[in-house]
*Asks:* 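Here's a structure for you.
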Amino acid sequence: YQRRVHGPDGTPMKEPMHPILAIKKVRYVGDHVAMVVAETVEQAKNAAEAVVVDYDVLPALVSVADAAKKASGVTLHDEAPDNQCYKWALGDKAAVDAVFATAAHVTKLDLVNNRLVPNPIEPRVAIG
């Protein structure tokens, strides 16, 4: 399987690893850091209680806008130092810029895309 996603300049998408357990850096609350394998529930509980993790506090990024700012100084993945895996572009940028430059009014707004994934569970069929 080969990735075919490229930026407008032909640069291939930067895709960091997604290991089962965090390696060297924990990137978010809930990132898995340890795993216990045991033969009994009691052994598993005892082993889980013995896990000790020493965290160094890293600077936080809590918005996409902050992550995109080069001045943030925070890199989430070494493979993507600008915190962007690729840049997507369609159309003729020069033509679009020219139209906006001559527009009587331009509205700018920030859209927040919450991390929601709707998954309806109702059936999508009918019995006739």
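Computed from a predicted model, the values in this text were never measured in an experiment. Position 1 is the first residue of the sequence, and the numbers go up from there. Just the heavy atoms: all of them, side chains too, but no hydrogens, waters or symmetry mates, feed the values below.
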*Asks:* Using 0.5 Å steps for rounding, measure from the CH2 atom of W88 to the CE atom of M13.
*Replies:* 10.5 Å

*Asks:* Determine whether more than 12 heavy atoms belonging to other residues, nucleotides or ligands lie under 6.0 Å from atom CD1 of I20.
*Replies:*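 12 or below, so no.
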
*Asks:* Only distances under 3.5 Å count here; give the side-chain donor-acceptor pairs of residues 100-112 to other protein atoms, sequence neighbours excluded, each with its distance to 0.1 Å.
*Replies:*
{"unit_1": "T102", "atom_1": "OG1", "unit_2": "A98", "atom_2": "O", "d": "3.3"}
{"unit_1": "T102", "atom_1": "OG1", "unit_2": "V99", "atom_2": "O", "d": "3.1"}
{"unit_1": "H105", "atom_1": "NE2", "unit_2": "T107", "atom_2": "OG1", "d": "3.0"}

*Asks:* Going by an N to O cut-off under 4.0 Å, is there a salt bridge joining K14 and D78?
*Replies:*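 No, no charged N to carboxylate O under 4.0 Å.
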
*Asks:* What side-chain donor-acceptor pairs closer than 3.5 Å can you find for residues 43-61, not counting sequence neighbours?
*Replies:*
{"unit_1": "Q43", "atom_1": "OE1", "unit_2": "E39", "atom_2": "N", "d": "3.0"}
{"unit_1": "Q43", "atom_1": "OE1", "unit_2": "T40", "atom_2": "N", "d": "3.2"}
{"unit_1": "N46", "atom_1": "ND2", "unit_2": "E42", "atom_2": "O", "d": "3.4"}

*Asks:* Where is the tightest heavy-atom contact between T75 and H77, given as atom of each residue plus distance?
*Replies:*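 Smallest interatomic distance, heavy atoms only, reads CG2-O, 3.2 Å.
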
*Asks:* Check the pair M17 / I23 against side chain to side chain contact (heavy atoms under 4.5 Å, CB included), numbers first and verdict last.
*Replies:* CA-CA 10 Å; M17 291 179 19; I23 300 172; 3.9 Å; yes

*Asks:* Considering only heavy atoms from C-beta outward, does the side chain of E15 approach that of C85 to under 4.5 Å?
*Replies:*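 Sidechains of C85 and E15: no contact.
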
*Asks:* Output side-chain donor-acceptor pairs under 3.5 Å for residues 28-37, partner residues at least two apart or in another chain, one line each.
*Replies:*
{"unit_1": "D31", "atom_1": "OD2", "unit_2": "R27", "atom_2": "N", "d": "3.2"}

*Asks:* Could you tell me which non-hydrogen atom of E79 sits nearest to which non-hydrogen atom of P16, and how far apart they are?
*Replies:*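 Of all heavy-atom pairs spanning E79 and P16, the closest is OE1-CB, 3.5 Å.
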
*Asks:* So how far is it from K69 NZ to N83 CG, rounded to the nearest 0.5 Å?
*Replies:*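 These two atoms lie 12.5 Å from each other.
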
*Asks:* Please determine which of D82, T11, D9 meets the side chain to side chain contact (heavy atoms under 4.5 Å, CB included) test together with K87.
*Replies:* D82

